[in-house]
Amino acid sequence: MAVVVLQKKRKKRLEEGHPWVYRSEIERVEGEAPAGGLVSVHTYAGQYLATGYYNPASQLTVRIVSYEPMEEMTHAYFVRRIQECKEHRERFLPNAGSYRLVYGEADFLPGLIVDKFEDVLVVQILTLGMERVREAIVSALVEVMQPAGIYERSDVSVRELEGLEQRTGVLYGECPQHVTIRENGIVLEVDIAQGQKTGYFFDQRENRAALEPLMKGWGHRGGIELQERVLDDGTVKRVPINRNGSEVTFPYWDGATVLECFSHTGSFTLHACQFGAKKVTCLDISEHAIETAKRNVELNSFSDRVEFVVADAFDYLREQARGLELRQERGKPGERKVDTSVPLAAKGRTWDVVILDPPAFAKSRSAVEGACRGYKDINLHGMKLVNEGGYLVTASCSYHMKPELFLETIHAAAYDAGKTLRLIEFRNAGKDHPRILGVEEGNYLKFAIFEVRSKR
């Protein structure tokens with residue numbers, strides 16, 4: 001086996017647990033190292049460190065697969081690794097039938113992603129090293145998981161950096177385009193062939209569940225209170241009564257009004273309804289995404305509480321915030337030059353809870369400055385639309401947007417908006433997305449819940 005010798009003066013990232021070796025860290029390669037094949041990684045002094053697969057065409061030249069010598073990634077090797085992945089998920093998500101089964105480097109299988117949608121697996125093979133052993137991967141998945149089908153979604157640009165073409169298609173068994181899964185008691189239809197990434201984002205599972213305490217306790221704002229009433233049979237029951245003294249029969253009278261932007265499949269919308277929201281506005285720029293969200297809302301019998309909007313979230317938030325400002329301007333006493341001919345019926349809305357879960361704005365270090373402007377923009381306008389004492393739920397899945405910078409950006413938005421934010425909860429990715437300590441690239445998801453109050 002070829003040996004990759006690392007430079008003498010280098011940061012000891014590999015010894016600290018990081019699974020990547022960059023080209024700039026390599027002193028020399030001894031022996032023939034076939035592209036995609038395994039190599040042994042040694043220190044400058046000759047000490048063995050790890051075994052990984054090698055791609056001389058990539059800046060990320062070696063990806064570690066073992067800290068013990070091994071000659072090839074066999075069917076047995078993948079069976080052992082995948083069995084470990086399965087056991088981890090069954091321990092921490094014992095009642096889940098769908099989850100991320102294999103999470104690349106964090107599961108010691110760099111370049112491989114596998115999502116389990118009930119009895120169908122969706123696979124992403126991202127690197128040359130994993131591409132060379134795809135048959136062993138598929139056979140091991142079949143042995144360990146016994147799926148009805150395995151579908152490949154290797155239609156990602158990172159493969160091109162590895163010298164590979166993008167590809168999709170059935171690898172095993174039968175794979176319907178739409179698979180129905182369950183999450184936190186909700187039914188969802190996932191498009192494994194045309195949906196984003198593998199079709200669904202499992203990393204926000206626990207974060208979606210964190211919405212529950214935000215969804216009730218809003219009835220008093222509409223003047224509704226629970227009061228004791230004597231029923232015809234003489235029993236006493238606490239019932240919701242409005243300001244006019246009439247009983248409120250709408251079952252979700254105490255629920256929040258919610259706006260979800262960048263909805264994708266509508267997963268936050270569904271959880272909001274599940275937890276008792278009164279009315280949800282579900283928004284995405286993609287008509288395909290909204291159609292998927294509509295089907296999911298119908299599957300769960302939430303249609304009477306959800307409205308759908310196909311629009312650019314940036315534009316929509318700005319329009320609503322501007323409409324709100326115009327409403328407030330018109331309502332001020334004294335003479336002001338306000339154009340009252342501007343219609344406001346569809347603008348200037350506010351919600352008890354605003355949810356912002358955008359795609360990654362910063363996909364490279366050079367894009368961080370622009371990403372900060374984007375995150376500040378949506379959060380600034382989003383928090384303006386939160387009713388006093390309501391909640392802003394906001395997330396970022398950009399690795400290059402560090403947690404401290406994410407919070408600083410939101411804080412700057414709050415200052416400009418004249419708001420005070422109280423951080424209620426800060427979370428990361430779920431238990432099926434573990435993170436190896438020292439591998440900062442795994443710390444990509446930031447999820448925060450803020451209470452919003454006005455300074456003025």
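Not measured: the values here are computed from a predicted model. The basis for the numbers below is simple: all heavy atoms, side chains too, and nothing from hydrogens, waters or symmetry mates.
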| message | Run the side-chain contact (heavy atoms from CB on, under 4.5 Å) test against R91 and tell me which residues pass, sequence neighbours left out. | response | none

| note | Applying ring pair (Phe, Tyr, Trp, His ring centres under 6.0 Å) to F250 and not counting sequence neighbours gives Y252

| Between the side chains of Y444 and N428, is a donor N or O closer than 3.5 angstrom to an acceptor N or O? | no

| said: Quick check against the 3.5 Å criterion: does D284 have a side-chain atom that pairs as donor or acceptor with the backbone of S263? | reply: yes

| said: Measuring only between side-chain heavy atoms, which start at C-beta, is Y22 closer than 4.5 Å to T61? | reply: no

| field | Distance-only donor-acceptor check, side chains H18 and E440, under 3.5 Å | value | no

| Looking just at side-chain N and O atoms, do E162 and T127 make a donor-acceptor pair shorter than 3.5 Å? | no

| Check: N55 side chain, A57 main-chain N or O, donor-acceptor pair, under 3.5 Å | yes

| said: Can you list everything that forms a side-chain contact (heavy atoms from CB on, under 4.5 Å) with N300? Sequence neighbours excluded, please. | reply: I186, V187, L270, F302

Distance-only criterion, 3.5 Å: show the donor-acceptor pairs between side-chain atoms of residues 163-175 and protein atoms not counting sequence neighbours.
unit_1	atom_1	unit_2	atom_2	d
Q166	NE2	E160	OE2	2.9
R167	NE	E152	OE1	3.4
R167	NH1	E131	OE2	3.3

| task | Check whether the side chains of Y375 and S398 place a donor and an acceptor atom closer than 3.5 Å, and report yes or no. | result | yes

| message | My understanding is that only residues two or more places apart in sequence, or in another chain, count here; which of them pass ring pair (Phe, Tyr, Trp, His ring centres under 6.0 Å) with F447? | response | none

| request: State whether the side chain of D107 and the backbone N or O of Y103 hold a donor-acceptor pair below 3.5 Å, judged by distance alone. | output: yes

| query | Taking only residues two or more places apart in sequence, or in another chain, which ones meet Y415 in a ring pair (Phe, Tyr, Trp, His ring centres under 6.0 Å)? | reply | none

| query | Can you name the salt bridge (charged side-chain N to carboxylate O under 4.0 Å, His left out) partners of E291, sequence neighbours left out? | reply | K294

| task | Would you please name every residue forming a side-chain contact (heavy atoms from CB on, under 4.5 Å) with A412, sequence neighbours left out? | result | K376

| Taking only residues two or more places apart in sequence or in another chain, which ones pass ring pair (Phe, Tyr, Trp, His ring centres under 6.0 Å) with F201? | H264

| Could you walk me through whether R182 and E118 pass the salt bridge (Lys or Arg N to Asp or Glu O under 4.0 Å) check? | CA-CA 8 Å; R182 290 184 177 275; E118 298 302 321; over 6 Å; no

| task | Indicate, with yes or no, if the rings of F117 and F202 have centres closer together than 6.0 Å. | result | yes

| task | Check whether any side-chain heavy atom of F308 lies under 4.5 Å from a side-chain heavy atom of V297, and answer yes or no. | result | yes

| field | Distance-only donor-acceptor check, side chains S267 and R208, under 3.5 Å | value | yes

| request: Could you pull out all residues at least two apart from T409 that satisfy side-chain hydrogen bond (donor to acceptor under 3.5 Å, both in side chains)? | output: none

| field | Side-chain H-bond candidate by donor/acceptor type, N296 with T265, under 3.5 Å | value | no

| said: Among residues at least two apart in sequence or on other chains, which ones pass side-chain contact (heavy atoms from CB on, under 4.5 Å) with E105? | reply: P19, W20, R63, P110

| said: My understanding is that only residues two or more places apart in sequence, or in another chain, count here; which of them pass salt bridge (charged side-chain N to carboxylate O under 4.0 Å, His left out) with R81? | reply: E84

| message | So, applying side-chain contact (heavy atoms from CB on, under 4.5 Å) with W351, which one of Q320, K279, E260 is it? | response | Q320

| request: Could you tell me if the ring centre of F361 sits under 6.0 Å from that of F314? | output: yes

